[in-house]
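The structure under discussion appears below in the form of C-alpha cells.
Within every chain, numbering begins at 1; the chains are lettered A, B, ... in the order of the sequence lines, protein sequences first and strands thereafter. Bear in mind the structure is a predicted one, so any value in this text is a computation, not a measurement.
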Amino acid sequence: MTKILVVAESALRELLRRRSVLVILLLLPLAFYLSRRGDHLGQSIRFVCLGLGWALSTAALFAGSAARGIEPRLRLSGYRSAHLVLGRLLALWTVGALLSAPYFVLVLVDQHDVRYGAIALIMALTVVVAAPFGLLLSAVLPRELEGTLVLLTVVGLQMVMDPADQATRALPFWFSREIGTYAIDHTDGGYLTRGLTQGITFAVVLTLLVAVAAAVRLRRRRHLRFA
Amino acid sequence: MDQERRAQWLRGVLDLCVLALLSRGESYGYELSQALRAHGLGAVQGGTLYPVLLRLQRSGLLTAHWREGRTGPARKYYRISPAGSAALRAAATDWSAFATSVGVILTEEAKR
Amino acid sequence: MNHDAWLAALTGELRRHGVGPDLTGHVVAEAATHLAESGEPPLAVFGPPQAYARAVADSLGGPDQRPPRRRPGPVRLGARGITKRYRGRTVLDRVDLTVRAGEIAAVVGANGAGKSTFLRICAGLVSPDAGTVQVDGALGYCPQDGGTAEFLDPDEHFVLVGAGRGLSRGAARRAGRTGAAALDWTPPAGTQARHLSGGTRQKLNLVLARLGEPDVLLLDEPYQGFDRGTYLDFWHEVWRWRDAGKAIVVVTHLLNQLDRVDLVLDLTAPGERAA
C-alpha cells in the first residue's frame, strides 16, 4: 500500500508541475461548455462532460508516456507493475476529481431543471474511464502525437455520431450521452441503467487492460533467474 | 646514559641487529624484542620494531609467514632471505670499520 | 585505552594513511599477538594509534598502490551463452560473464558492439534470443540516459525509488544524500530533474541505482558529463563498493581504468578486433 501511495504522490506532483498543461486542461471543458451555451438546454452539459473526458485522457496519455523512462528502474527497485499502475491511476483520478468539481458547481449555478445527481454520476464515471483510457493509449502507442490523434478521433466521433446508433456504444464515453439524456430530458431509468452498465464495464475493462499491458511490458524476462 | 642519543644510535643499527638475530634462525616480533633486551639494547618497543620488520620484508631482506603457536595466538614468523644475508654481511663489515674509526677517535680524545 | 579499542583505532588510522586492507589486517593481527604475549598496555608498546599508523605507512614508502588481493566471493551474476540478433545481424554471440561478490567487470567494445544491450539483458529489460542470466541478490541498474523523472526533484526521486526497496522516506533521503555526497554533490532541494545539467543528472542516476545497497550493480557508462574530479570520485566509489562485497558490471569505452578492474569482457567482434 505504501508503494502505491508513493507512486501516486509522485505522479500527482509531476502532473501538478506541468502548469501550462494544467491550465489548458482546465479551460478546455469550459470552451466546450461555452460553445453550446446558447443552444438547446443541456447540450452544453453533454459537451462539458466530453471535454472533461478528453482533457483527462490527454493528461493520462502524457503521464503514461513520461513514466516510460523510469518505470523499468522502478520495477527493478522492487515495485510490481500493479503498484505502478494503481498509483498512477490514483493520481489521475484525483486530478480528475479536482478538474470536474468546478464544472459541477458551474452546472449547479447555471443550469436548472436537470437531475444534478445524474450529472455528478456522469462526471465521476468520466473521470474513472478517462484515466485508464489515456494510460492504455500511451501503452499501445509509443508516441504522444499518435495517441493525441486517436483521442481526437474518439471524442470527435462521440460528438457527431448519433447516440442511438449501436456502433457508438463501442466508444468509451457513450454512457455520457446516455445518462445525459436521462439527466437533462428527464427520460425513464432505462437510459440511466444502460449508461451505467456501459460506463462501469468500460472502466473495469480499461483498467484491467492497462494493468495487463503494464504487466507484460514490465514482466520479468524468462532468461533472468534469481537464486 | 643519554636516552635520546641512545635512541638515535639504535635507529641507525636496529635493522642490522634484527637481520643478525634472524640469521641465527626464524623468530617473531615479541621474541625479537626480548632478544634485543637480553643483548643489552634495552626495551625496543613494538612501535619501533615492527615498522623496521615491515620495511625489511618489503625490501625483500626478510620473508614472513603466519603460523599457529602451540599456545596462544598465531604469530608472524620472520626468516632472513639470501638477499638479507648478503646485505647483513656487507653491512657488518661496514659497521666494524665505522665502529673502529669512531672508537679510535674517541679513545685518542680520552687519552689526551 | 584497552587492547580492542586501541586495535580498532589502529585499523581506522591505517586505512586513513592509505594502507591497503590486507596489510592492515596483518599489522593489526601482529600487534594483537604482541600485546597478548607481552601483557603490556598498547600505548606503552606502540604509542598512540595515529603515530604507529604513520610509522607503518612511512616504512612502506607511501600508500600501498597495489590492488589488494581478495578472496573471490560467491557468484552474484552468471550470464551464459547470451545471443542477440538485430535485423539479421548478430550483435551478441554466445557471450558468457561470471561476476563474483567483490569483483568489478568492465564491458568494453566499439560503438554498436552491444555493450548496452548486454547490460539490459543482464538487468532483464530486454530478452536475448538465447542464453540465461542467473542473479543472486538484488539488482541495481543505472541506465545510460533516462531513468529519472523530469518533474521530480532529487529528494523525491530518492523517496520514490527508496520506497520500492522498502526504505522509509527519511531513510531514503538520507541514503540518497550520503551517496550524493560521495560524488561531491549536494542535491538542490526543489530543483526538478529537467533543470539539472547532464552530469548532475547522471549523478542522480547513479545514486538511485545504489539506493538500498543492491548486491549486483549494472552501470551503463554512468560517468557521462562528469568532470575529472567527479570521474575519479566515481571510480573510488566503485572500488569502495567492490571492497564492500558488491558485484559490479561497468560498461565503459575509457580503457585507462582497466588495470583497476578484475575482469574485462571485450565485445568487439573478433574480425573487427584484428582490423
So how far is it from Phe151(C) CZ to Arg13(A) CZ, rounded to the nearest 0.5 Å? 14.5 Å
Please determine, among Glu14(A), Arg18(A), Arg17(A), Glu9(A), the option with the most heavy-atom pairs under 4.5 Å with chain C. Arg17(A)
Most contacts with chain C, counted as non-hydrogen pairs under 4.5 angstrom, among Ser77(A), Gly69(A), Pro72(A):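 Ranked by heavy-atom pairs under 4.5 Å with chain C, first place is Ser77(A).
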If you count heavy-atom pairs under 4.5 Å between each of Leu211(C), Val159(C), Val126(C) and chain A, which one has the most? Val126(C)
Among the options Arg76(C), Arg169(C), Glu150(C), pick out the one with the most heavy-atom pairs lying under 4.5 Å from chain A.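 Option with the top pair count is Arg169(C).
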Of the backbone (N, CA, C, O) and the side chain (C-beta and beyond), which part of [X] lies under 4.5 Å from a heavy atom of chain A, both, or neither?
{"X": "Ala130(C)", "value": "neither"}
{"X": "Asp129(C)", "value": "neither"}
{"X": "Ala79(C)", "value": "neither"}

So, Thr98(C) versus Arg80(C): side-chain donor-acceptor pair below 3.5 Å or not? yes
Please classify the contact between [X] and chain C as side chain, backbone, both or neither, with a heavy-atom cut-off of under 4.5 Å.
{"X": "Arg73(A)", "value": "side chain"}
{"X": "Ser10(A)", "value": "both"}
{"X": "Leu76(A)", "value": "both"}

Identify the heavy atoms of Leu206(C) and Trp241(C) that sit nearest to each other, and give their distance.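 Distance-wise, the nearest heavy atoms are CG-CH2, 4.4 Å.
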What are the two closest heavy atoms between Ala11(A) and Arg88(A), and how far apart are they? CB-NH1, 3.8 Å
With a 4.5 Å heavy-atom cut-off, do Leu196(C) and Thr191(C) have their side chains touching?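 Leu196(C) vs Thr191(C): side chains touch.
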Is the closest side-chain heavy-atom distance between Phe118(C) and Val251(C) below 4.5 Å?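 The answer is no; the side chains never approach within 4.5 Å.
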Is a donor on one side and an acceptor on the other found under 3.5 Å between the side chain of Tyr79(A) and the backbone of Ile4(A)? no
